[in-house]
Peer 1: 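So that we are looking at the same thing, I have put the structure below in structure tokens.
All values below were derived from every heavy atom in this structure, side-chain atoms included, with hydrogens, water molecules and symmetry-related copies excluded. Here the structure is a predicted model, which means the values were calculated and not measured.
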Amino acid sequence: MAPWTAFPQPGVYRHDTASLKRDWPRLHAGDVEPWPADARVLAAWVLFHNGEFAQAAASGLAAGGAGLTVANKAACIYATYLEPDPKRRQDLFLQTAQQAERQAQAEPDNPNAWYWHAYALGRYSQAVSVARAMAQGLGGRVRQSLERTIALQPLHADAHGALGAFHAEVIDKVGALIGGMTYGARKDTGLALFVEALRLHPRSPVLALEYANALTILEGEAGLKEASRLVRQVAALEPIDAKEWLDVRRARTDLQPS
């Protein structure tokens, strides 16, 4: 695979073990990932939060065990925000989904194994045709993994938001009638999941942005005012790590005149 594109602001974030320990509750309020017991896994998380995604993924894989979670997250965040080639992005999501699925099979009580399986498979589904994703039953697998995540860890704000986005995306792609009949997608359920996600993690930039997107899909013109407020709120944030910087950049880009 081609070398990964570098984080656009190298060296801006300089987390170390001490700063990560201090900021861990905020940095991981969305995924409720426990503090690493393995020094090698901790080192991989330092790389991740500093925007060194390729190194974080490689270090996590080398550490094995809990290191697979940081490897999966690094690959997903990199592919979502920084990989410019659509085919490589699609391949990376599929590879990560398969890797996370193996992790979930080995550690069935690990909520973030299920979460990154759902995230990667969901992004992969967005990259292929709707017909292909439906024929392969990908939507149902994404939903099942997200529901498993929440069952294992009810405080997992990111999983609540991702499940809310699932409802919105299904309705957007196939309509409320087919989405409801085939996947159980419901407008009110999707919106309620986002409300719960932001209750659990009110400072999350990505949850605010995904909620804004869901509002435009599910509420149409009636949701535009609140969606715009959420995007402006994120654009005004001061990021604490590389991942938040990418979310804030996304918000500021959305606000630029087209």
Peer 1: Could you check whether any side-chain heavy atom of Arg123 comes within less than 4.5 Å of a side-chain heavy atom of Gln90, counting everything from C-beta outward?
Peer 2: no
Peer 1: Side chains of Arg148 and His117: closer than 4.5 Å at any heavy-atom pair?
Peer 2: no
Peer 1: Calculate, to the nearest 0.5 Å, the distance between atoms OG and CD belonging to Ser125 and Glu169 respectively.
Peer 2: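 So the gap between those two atoms works out to 10.5 Å.
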Peer 1: Is Val70 reachable from Tyr13 through a run of hydrophobic residues whose side-chain heavy atoms are each under 4.5 Å from the next?
Peer 2: yes
Peer 1: Rounded to the nearest 0.5 Å, how far does OG1 of Thr149 lie from CG of Leu163?
Peer 2: 9.5 Å
Peer 1: I want to check something: taking the side chain as every heavy atom from C-beta on, are Ser145 and Trp116 in contact at a cut-off of under 4.5 Å?
Peer 2: no
Peer 1: Run the salt bridge (charged side-chain N to carboxylate O under 4.0 Å, His left out) test against Arg249 and tell me which residues pass, sequence neighbours left out.
Peer 2: none
Peer 1: Considering only heavy atoms from C-beta outward, does the side chain of Val142 approach that of Tyr119 to under 4.5 Å?
Peer 2: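 Result no, sub-4.5 Å side-chain heavy-atom pair not found.
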Peer 1: Starting from the C-alpha separation in whole Å, work towards a yes-or-no answer on side-chain contact (heavy atoms from CB on, under 4.5 Å) for Arg199 and Val195.
Peer 2: CA-CA 6 Å; Arg199 184 190 72 79; Val195 170; 5.6 Å; no
Peer 1: What is the minimum heavy-atom distance between Ala214 and Ala168, and which atoms define it?
Peer 2: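 In terms of heavy atoms, the two residues are closest at CB-CB, 3.9 Å.
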Peer 1: Between Leu207, Leu198, Leu193, which is the residue that forms a side chain to side chain contact (heavy atoms under 4.5 Å, CB included) with His160?
Peer 2: Leu193
Peer 1: Report yes if some heavy atom in the side chain of Asp31 is under 4.5 Å from a heavy atom in the side chain of Tyr115; otherwise report no.
Peer 2: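 No - every pair of side-chain heavy atoms lies 4.5 Å or more apart.
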Peer 1: Tell me which one of Arg88, Lys87, Gln95, Arg89 satisfies side-chain hydrogen bond (donor to acceptor under 3.5 Å, both in side chains) with Asp91.
Peer 2: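 Testing Asp91 for a side-chain hydrogen bond (donor to acceptor under 3.5 Å, both in side chains) against Arg88, Lys87, Gln95, Arg89 leaves exactly one candidate, Lys87.
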Peer 1: Are Lys21 and Trp35 in a cation-pi setup, meaning NZ or CZ lies under 6.0 angstrom from the ring centre and within 45 degrees of the ring axis?
Peer 2: yes
Peer 1: Do you reckon Tyr78 sits in the same ILVMFWY cluster as Leu47, going by side-chain contacts under 4.5 Å, direct or chained?
Peer 2: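 Hydrophobic grouping puts Tyr78 apart from Leu47.
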Peer 1: Where is the tightest heavy-atom contact between Cys76 and Ala120, given as atom of each residue plus distance?
Peer 2: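 Closest approach of Cys76 to Ala120: SG-CB, 3.8 Å.
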Peer 1: Answer yes or no: are there more than 12 heavy-atom neighbours, outside Gln105 itself, under 6.0 Å from its atom CD?
Peer 2: yes
Peer 1: Would you give the length of the straight line joining atom CG of Leu68 to atom CG of Asn72, rounded to the nearest 0.5 angstrom?
Peer 2: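 CG of Asn72 is found 6.0 Å from CG of Leu68.
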Peer 1: Rounded to the nearest 0.5 Å, how far apart are CG of Asn50 and NZ of Lys243?
Peer 2: 15.5 Å
Peer 1: Taking the side chain as every heavy atom from C-beta outward, state whether His156 and Asn112 have any atom pair closer than 4.5 Å.
Peer 2: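 Sidechains of Asn112 and His156: in contact.
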Peer 1: Go through the steps to decide whether Ile77 and Leu246 satisfy the test side-chain contact (heavy atoms from CB on, under 4.5 Å), and finish with yes or no.
Peer 2: CA-CA 9 Å; Ile77 298 309; Leu246 291 166; 4.2 Å; yes
Peer 1: Check the side chains of Gln233 and Arg229 for a donor-acceptor pair under 3.5 angstrom, ignoring hydrogens and angles.
Peer 2: yes
Peer 1: Could you walk me through whether Glu52 and Ser59 satisfy the side chain to side chain donor-acceptor pair (under 3.5 Å) test, starting with their C-alpha distance in whole Å, then the side-chain angles of each, then the deciding distance to 0.1 Å, before giving a yes or no?
Peer 2: CA-CA 11 Å; Glu52 298 179 63; Ser59 297; over 6 Å; no
Peer 1: Just by modelled atom types, is the Asp85 backbone N or O under 3.5 Å from a matching donor or acceptor in the Glu83 side chain?
Peer 2: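 Judged by distance alone, yes, a pair lies under 3.5 Å.
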Peer 1: Does the distance from a Lys or Arg side-chain N to an Asp or Glu carboxylate O, for Glu33 and Lys73, drop under 4.0 Å?
Peer 2: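 Looking at Lys73 together with Glu33, the answer is no, because their closest N to O distance does not fall below 4.0 Å.
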Peer 1: Could you report the tightest heavy-atom contact between Ala57 and Ala74, atom names first, then the distance?
Peer 2: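 Nearest pair, atom of Ala57 first, then Ala74: N-CB, 3.9 Å.
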Peer 1: Any sub-3.5 Å donor-acceptor pair from His15's side-chain atoms to Phe48's backbone N or O?
Peer 2: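 Answer holds: no.
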Peer 1: Test Val206 against Glu244 for side-chain contact (heavy atoms from CB on, under 4.5 Å), laying out the working first.
Peer 2: CA-CA 8 Å; Val206 69; Glu244 285 198 359; over 6 Å; no
Peer 1: Between Trp114 and Phe166, is there shared hydrophobic-cluster membership here, with clusters defined by ILVMFWY side-chain heavy atoms closer than 4.5 Å?
Peer 2: no
Peer 1: Rounded to the nearest 0.5 Å, what's the gap from CG on Leu215 to CD on Glu221? Could you check?
Peer 2: 14.0 Å
Peer 1: For Lys187, does its backbone N or O pair with a side-chain atom of His167 as donor and acceptor, under 3.5 Å?
Peer 2: no
Peer 1: May I have all residue pairs that pass ring pair (Phe, Tyr, Trp, His ring centres under 6.0 Å) and include part of residues 212-257, sequence neighbours excluded?
Peer 2: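 Listed once each, the pairs are Phe7-Trp245.
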Peer 1: Search all heavy atoms of Gly161 against all heavy atoms of Ala197 and return the closest pair with its distance.
Peer 2: N-CB, 3.6 Å
Peer 1: How many angstroms lie between atom CG of Leu209 and atom OG of Ser204, to the nearest 0.5 angstrom?
Peer 2: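 That separation rounds to 8.0 Å.
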Peer 1: What are the two closest non-hydrogen atoms of Pro205 and Leu237, and how far apart are they?
Peer 2: CG-CD1, 3.7 Å
Peer 1: Take a 6.0 Å sphere around CZ of Arg26 and say whether it holds more than 12 heavy atoms from other residues, nucleotides or ligands.
Peer 2: yes
Peer 1: Under a 3.5 Å distance rule, please check whether Glu107 uses its side chain to pair with a backbone N or O of Asp109 as donor and acceptor.
Peer 2: no
Peer 1: Show your reasoning for whether ring pair (Phe, Tyr, Trp, His ring centres under 6.0 Å) applies to His49 and His28.
Peer 2: CA-CA 11 Å; His49 289 293; His28 290 274; 5.0 Å; yes
Peer 1: May I ask you to decide if Asn213's main-chain N or O and Thr216's side chain share a donor-acceptor pair within less than 3.5 Å?
Peer 2: yes
Peer 1: Do Tyr211 and Phe194 have ring centres separated by under 6.0 Å?
Peer 2: yes
Peer 1: Could you walk me through whether Glu101 and Leu121 pass the side-chain contact (heavy atoms from CB on, under 4.5 Å) check?
Peer 2: CA-CA 10 Å; Glu101 186 172 30; Leu121 195 61; over 6 Å; no
Peer 1: When you compare the side chain of Leu82 with that of Trp4, does any pair of heavy atoms fall below 4.5 Å?
Peer 2: no
Peer 1: Linking I/L/V/M/F/W/Y whenever their side-chain heavy atoms sit closer than 4.5 Å, directly or via other members, would Leu94 and Leu146 fall into one cluster?
Peer 2: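 Yes, Leu94 connects to Leu146 through the hydrophobic network.
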Peer 1: If you define the side chain from C-beta out and look only at heavy atoms, does anything of Pro36 sit under 4.5 Å from Trp24?
Peer 2: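 Answer yes - side chains close enough.
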Peer 1: Show the nearest heavy-atom pair for residues Val41 and Gly64, with the distance to one decimal.
Peer 2: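 Minimum heavy-atom contact is CG2-O, 4.5 Å.
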Peer 1: Is any NZ, NE, NH1 or NH2 atom of the basic residue among Arg250 and Glu210 found under 4.0 Å from an Asp or Glu carboxylate oxygen of the other?
Peer 2: yes
Peer 1: Could you state whether Ile150 and Leu155 fall into the same hydrophobic cluster, counting links through intermediate Ile, Leu, Val, Met, Phe, Trp or Tyr residues with side-chain heavy atoms under 4.5 angstrom apart?
Peer 2: no
Peer 1: I'd like to know if the side chain of Asp247 pairs up with that of Tyr81 as donor and acceptor (distance under 3.5 Å, no hydrogens or angles considered).
Peer 2: yes
